[in-house]
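As the structure lists them, so they are numbered: ligands from 1, and atoms in each ligand from 1. Position 1 is the first residue of the sequence, and the numbers go up from there.
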Amino acid sequence: MDLDIQDIIIAIDGYSSTGKSSFAKRIAHSLGFVYLDSGALYRGVTLLVLENGWHEGERIDTEKLEPALHDLDLHFEDHGKGTRTYMGERCIERQIRSMKVSALVSPVAALACVRAYVDARLRDLARNRRVVMDGRDIGTTVFPDAELKIFMVADQKVRAQRRMDELVAKGEDVSFDEILANLQRRDYIDSHRAASPLRQAPDAIVLDNTNMTFEQQMAWLETILRERFAR
Ligand code: DC
(Lines give C-alpha, C1' and ligand atoms only; values in the text may rest on other atoms or scores of the structure.)
Protein backbone atom coordinates (compact mmCIF):
# COMPACT_ATOMS: atom_id res chain seq x y z
CA MET A 1 0.00 0.00 0.00
CA ASP A 2 1.60 3.27 -1.12
CA LEU A 3 0.36 5.40 1.71
CA ASP A 4 1.89 7.56 4.41
CA ILE A 5 -0.40 7.60 7.42
CA GLN A 6 -0.29 8.93 10.97
CA ASP A 7 0.85 6.85 13.94
CA ILE A 8 -2.36 5.13 14.96
CA ILE A 9 -3.57 1.97 16.67
CA ILE A 10 -5.76 -0.24 14.50
CA ALA A 11 -8.03 -2.61 16.45
CA ILE A 12 -9.62 -5.49 14.57
CA ASP A 13 -12.27 -7.50 16.39
CA GLY A 14 -14.79 -10.07 15.30
CA TYR A 15 -15.90 -13.67 15.26
CA SER A 16 -13.54 -16.66 14.93
CA SER A 17 -12.22 -17.40 11.44
CA THR A 18 -13.41 -14.19 9.83
CA GLY A 19 -9.84 -13.72 8.60
CA LYS A 20 -8.86 -11.13 11.21
CA SER A 21 -5.29 -12.29 11.57
CA SER A 22 -4.56 -12.60 7.82
CA PHE A 23 -5.99 -9.12 7.35
CA ALA A 24 -4.06 -7.68 10.30
CA LYS A 25 -0.81 -9.30 9.17
CA ARG A 26 -1.16 -7.88 5.67
CA ILE A 27 -1.91 -4.41 7.08
CA ALA A 28 1.15 -4.63 9.31
CA HIS A 29 3.30 -5.67 6.36
CA SER A 30 1.91 -2.99 4.00
CA LEU A 31 2.15 -0.12 6.48
CA GLY A 32 5.18 -1.14 8.52
CA PHE A 33 3.12 -1.62 11.68
CA VAL A 34 3.77 -4.16 14.45
CA TYR A 35 1.21 -6.95 14.47
CA LEU A 36 -0.06 -8.27 17.80
CA ASP A 37 -2.23 -11.41 17.78
CA SER A 38 -4.19 -11.42 21.05
CA GLY A 39 -5.80 -14.81 20.31
CA ALA A 40 -2.31 -16.33 20.16
CA LEU A 41 -1.73 -15.22 23.76
CA TYR A 42 -4.98 -16.90 24.89
CA ARG A 43 -3.90 -19.97 22.97
CA GLY A 44 -0.46 -19.86 24.66
CA VAL A 45 -2.08 -19.83 28.10
CA THR A 46 -4.29 -22.74 26.98
CA LEU A 47 -1.24 -24.72 25.90
CA LEU A 48 0.26 -24.17 29.36
CA VAL A 49 -2.96 -25.52 30.93
CA LEU A 50 -3.00 -28.57 28.63
CA GLU A 51 0.66 -29.44 29.06
CA ASN A 52 0.38 -29.29 32.85
CA GLY A 53 -2.96 -31.07 33.02
CA TRP A 54 -4.51 -28.14 34.91
CA HIS A 55 -8.06 -28.91 33.82
CA GLU A 56 -10.82 -31.47 34.07
CA GLY A 57 -12.85 -31.26 30.92
CA GLU A 58 -13.61 -27.55 30.63
CA ARG A 59 -13.02 -26.82 34.33
CA ILE A 60 -9.70 -25.05 34.67
CA ASP A 61 -7.67 -25.30 37.87
CA THR A 62 -7.23 -21.56 38.48
CA GLU A 63 -5.38 -22.18 41.76
CA LYS A 64 -2.54 -23.64 39.72
CA LEU A 65 -2.88 -21.40 36.69
CA GLU A 66 -3.14 -17.98 38.33
CA PRO A 67 0.27 -18.00 40.09
CA ALA A 68 1.93 -19.44 36.98
CA LEU A 69 0.77 -16.40 34.97
CA HIS A 70 3.13 -14.15 36.95
CA ASP A 71 6.18 -15.74 35.30
CA LEU A 72 4.66 -16.61 31.96
CA ASP A 73 6.66 -15.01 29.15
CA LEU A 74 4.49 -15.07 26.04
CA HIS A 75 5.69 -12.81 23.25
CA PHE A 76 6.14 -12.54 19.49
CA GLU A 77 9.28 -12.81 17.38
CA ASP A 78 9.74 -12.28 13.68
CA HIS A 79 12.76 -13.92 12.07
CA GLY A 80 11.79 -13.06 8.52
CA LYS A 81 9.06 -15.67 8.10
CA GLY A 82 6.32 -13.67 9.77
CA THR A 83 5.33 -13.26 13.39
CA ARG A 84 5.64 -16.35 15.59
CA THR A 85 4.43 -16.85 19.15
CA TYR A 86 6.99 -17.79 21.82
CA MET A 87 6.75 -19.12 25.34
CA GLY A 88 10.10 -18.07 26.77
CA GLU A 89 12.65 -19.39 24.26
CA ARG A 90 10.32 -21.96 22.78
CA CYS A 91 8.41 -21.32 19.55
CA ILE A 92 4.84 -22.56 20.15
CA GLU A 93 3.25 -21.30 16.93
CA ARG A 94 2.34 -24.76 15.59
CA GLN A 95 1.12 -26.21 18.90
CA ILE A 96 -1.23 -23.31 19.65
CA ARG A 97 -3.09 -23.79 16.34
CA SER A 98 -4.05 -27.44 17.05
CA MET A 99 -7.64 -28.60 17.54
CA LYS A 100 -6.85 -29.54 21.18
CA VAL A 101 -5.98 -25.95 21.95
CA SER A 102 -8.94 -24.63 19.91
CA ALA A 103 -11.30 -26.87 21.87
CA LEU A 104 -10.21 -25.49 25.27
CA VAL A 105 -9.29 -21.89 24.49
CA SER A 106 -12.73 -20.30 24.99
CA PRO A 107 -13.19 -21.50 28.60
CA VAL A 108 -9.60 -20.43 29.33
CA ALA A 109 -10.20 -17.01 27.73
CA ALA A 110 -13.34 -16.59 29.84
CA LEU A 111 -11.29 -16.49 33.08
CA ALA A 112 -10.81 -13.02 34.56
CA CYS A 113 -7.21 -13.75 35.64
CA VAL A 114 -6.31 -14.82 32.11
CA ARG A 115 -7.93 -11.75 30.56
CA ALA A 116 -6.04 -9.49 32.96
CA TYR A 117 -2.78 -11.23 32.04
CA VAL A 118 -3.34 -10.92 28.27
CA ASP A 119 -4.54 -7.29 28.45
CA ALA A 120 -1.44 -6.30 30.42
CA ARG A 121 0.83 -8.16 27.98
CA LEU A 122 -0.80 -6.46 24.97
CA ARG A 123 -0.56 -2.96 26.43
CA ASP A 124 3.05 -3.61 27.27
CA LEU A 125 3.90 -4.96 23.81
CA ALA A 126 2.09 -2.03 22.14
CA ARG A 127 3.83 0.72 24.09
CA ASN A 128 5.22 3.48 21.83
CA ARG A 129 4.65 1.55 18.63
CA ARG A 130 2.37 1.74 15.61
CA VAL A 131 0.36 -1.41 15.97
CA VAL A 132 -2.42 -3.38 14.44
CA MET A 133 -4.03 -5.87 16.80
CA ASP A 134 -6.71 -8.48 16.35
CA GLY A 135 -8.97 -10.16 18.86
CA ARG A 136 -12.42 -10.01 20.41
CA ASP A 137 -12.26 -7.04 22.75
CA ILE A 138 -9.42 -4.88 21.49
CA GLY A 139 -11.62 -1.92 20.51
CA THR A 140 -13.91 -2.26 23.54
CA THR A 141 -11.56 -3.14 26.42
CA VAL A 142 -7.85 -3.33 25.60
CA PHE A 143 -7.60 -0.16 23.49
CA PRO A 144 -10.93 1.69 23.71
CA ASP A 145 -9.12 4.77 22.32
CA ALA A 146 -7.80 3.05 19.20
CA GLU A 147 -8.03 5.48 16.27
CA LEU A 148 -9.44 2.89 13.88
CA LYS A 149 -11.71 0.02 14.93
CA ILE A 150 -12.87 -2.65 12.53
CA PHE A 151 -15.42 -5.33 13.39
CA MET A 152 -15.26 -8.36 11.11
CA VAL A 153 -18.17 -10.70 10.39
CA ALA A 154 -18.87 -13.47 7.85
CA ASP A 155 -21.33 -16.28 7.30
CA GLN A 156 -20.70 -19.17 9.76
CA LYS A 157 -20.43 -21.93 7.13
CA VAL A 158 -18.06 -19.87 5.04
CA ARG A 159 -15.92 -19.38 8.14
CA ALA A 160 -15.96 -23.11 8.94
CA GLN A 161 -14.83 -23.90 5.40
CA ARG A 162 -11.95 -21.41 5.66
CA ARG A 163 -10.85 -22.96 8.96
CA MET A 164 -11.09 -26.43 7.46
CA ASP A 165 -8.91 -25.43 4.47
CA GLU A 166 -6.32 -24.01 6.88
CA LEU A 167 -6.17 -27.16 9.03
CA VAL A 168 -6.15 -29.56 6.08
CA ALA A 169 -3.27 -27.60 4.56
CA LYS A 170 -1.40 -28.20 7.83
CA GLY A 171 -2.09 -31.93 7.60
CA GLU A 172 -4.69 -32.15 10.40
CA ASP A 173 -7.37 -34.80 10.00
CA VAL A 174 -10.63 -32.98 10.79
CA SER A 175 -14.23 -33.06 9.61
CA PHE A 176 -16.31 -30.09 8.51
CA ASP A 177 -18.99 -30.90 11.11
CA GLU A 178 -16.44 -30.98 13.92
CA ILE A 179 -15.09 -27.59 12.86
CA LEU A 180 -18.55 -26.06 12.47
CA ALA A 181 -19.54 -27.33 15.94
CA ASN A 182 -16.32 -25.91 17.45
CA LEU A 183 -16.97 -22.57 15.75
CA GLN A 184 -20.58 -22.38 16.95
CA ARG A 185 -19.51 -23.13 20.50
CA ARG A 186 -16.75 -20.54 20.37
CA ASP A 187 -19.08 -17.89 18.92
CA TYR A 188 -21.50 -18.60 21.75
CA ILE A 189 -18.95 -18.60 24.60
CA ASP A 190 -17.06 -15.61 23.20
CA SER A 191 -20.17 -13.46 22.99
CA HIS A 192 -21.87 -14.63 26.22
CA ARG A 193 -19.06 -14.72 28.78
CA ALA A 194 -19.13 -12.27 31.69
CA ALA A 195 -15.60 -10.91 31.22
CA SER A 196 -15.20 -8.74 28.10
CA PRO A 197 -17.66 -10.50 25.79
CA LEU A 198 -17.23 -10.14 22.05
CA ARG A 199 -19.09 -6.95 21.20
CA GLN A 200 -18.92 -4.40 18.45
CA ALA A 201 -17.60 -1.07 19.75
CA PRO A 202 -20.06 1.75 18.94
CA ASP A 203 -17.43 3.50 16.83
CA ALA A 204 -16.26 0.37 14.97
CA ILE A 205 -16.78 -0.02 11.22
CA VAL A 206 -18.28 -3.38 10.19
CA LEU A 207 -16.53 -5.40 7.51
CA ASP A 208 -18.62 -8.34 6.26
CA ASN A 209 -16.25 -10.32 4.07
CA THR A 210 -18.51 -13.30 3.28
CA ASN A 211 -18.30 -12.50 -0.42
CA MET A 212 -15.14 -10.46 -0.54
CA THR A 213 -11.71 -11.39 -1.82
CA PHE A 214 -8.64 -10.45 0.13
CA GLU A 215 -7.77 -7.77 -2.43
CA GLN A 216 -11.23 -6.22 -2.07
CA GLN A 217 -10.76 -6.02 1.68
CA MET A 218 -7.42 -4.28 1.25
CA ALA A 219 -8.98 -1.79 -1.19
CA TRP A 220 -11.80 -1.15 1.30
CA LEU A 221 -9.25 -0.40 4.01
CA GLU A 222 -7.11 1.80 1.79
CA THR A 223 -10.08 4.07 1.10
CA ILE A 224 -10.72 4.49 4.83
CA LEU A 225 -7.07 5.15 5.63
CA ARG A 226 -6.77 7.72 2.83
CA GLU A 227 -9.90 9.56 3.94
CA ARG A 228 -9.10 9.61 7.62
CA PHE A 229 -5.40 9.22 8.32
CA ALA A 230 -3.28 10.18 5.31
CA ARG A 231 -0.49 12.64 6.12
O1 DC B 1 -8.60 -15.49 17.21
P2 DC B 1 -8.35 -16.90 17.77
O3 DC B 1 -9.27 -17.94 17.22
O4 DC B 1 -6.91 -17.30 17.71
O5 DC B 1 -8.73 -16.76 19.33
C6 DC B 1 -8.69 -17.86 20.17
C7 DC B 1 -9.67 -17.70 21.30
O8 DC B 1 -9.25 -16.66 22.17
C9 DC B 1 -11.11 -17.37 20.89
O10 DC B 1 -11.95 -18.48 21.04
C11 DC B 1 -11.55 -16.29 21.84
C12 DC B 1 -10.34 -15.88 22.59
N13 DC B 1 -10.01 -14.47 22.42
C14 DC B 1 -10.58 -13.58 23.30
O15 DC B 1 -11.40 -13.97 24.12
N16 DC B 1 -10.25 -12.26 23.26
C17 DC B 1 -9.37 -11.81 22.34
N18 DC B 1 -9.03 -10.51 22.32
C19 DC B 1 -8.79 -12.72 21.41
C20 DC B 1 -9.14 -14.04 21.48
**Student:** Do the rings of Trp220 and Phe23 sit parallel, tilted or perpendicular, given the 30° and 60° boundaries?
**Tutor:** tilted

**Student:** At their closest point, which heavy atom of Leu198 faces which heavy atom of Arg136, and how far apart are they?
**Tutor:**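 Of all heavy-atom pairs spanning Leu198 and Arg136, the closest is CD1-O, 3.4 Å.
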
**Student:** What residues, two or more places apart in sequence or in another chain, satisfy side chain to side chain contact (heavy atoms under 4.5 Å, CB included) together with Asn52?
**Tutor:** Leu48, Trp54

**Student:** Please name all residues satisfying salt bridge (Lys or Arg N to Asp or Glu O under 4.0 Å) with Glu222, sequence neighbours left out, ordered by chain then number.
**Tutor:** Arg226

**Student:** Passes side-chain hydrogen bond (donor to acceptor under 3.5 Å, both in side chains), Ser175 versus Asp177? Steps please.
**Tutor:** CA-CA 5 Å; Ser175 75; Asp177 289 348; 5.6 Å; no

**Student:** Would you check ligand 1 and list the protein residues that come within less than 4.0 Å of it by any heavy atom, ordered by chain and number?
**Tutor:** Ser38, Gly39, Tyr42, Arg43, Val105, Ser106, Ala109, Arg115, Gly135, Arg136, Asp137, Arg186, Asp190, Arg193

**Student:** Could you list the donor-acceptor pairs under 3.5 angstrom formed between side-chain atoms of residues 141-151 and any protein atom two or more places apart in sequence or on another chain?
**Tutor:**
{"residue": "Thr141", "atom": "OG1", "partner": "Ser196", "partner atom": "OG", "Å": "3.4"}
{"residue": "Glu147", "atom": "OE1", "partner": "Ile9", "partner atom": "N", "Å": "2.8"}
{"residue": "Lys149", "atom": "NZ", "partner": "Gly139", "partner atom": "O", "Å": "3.0"}
{"residue": "Lys149", "atom": "NZ", "partner": "Pro144", "partner atom": "O", "Å": "2.7"}
{"residue": "Lys149", "atom": "NZ", "partner": "Asp203", "partner atom": "OD1", "Å": "3.1"}
{"residue": "Lys149", "atom": "NZ", "partner": "Asp203", "partner atom": "OD2", "Å": "3.3"}

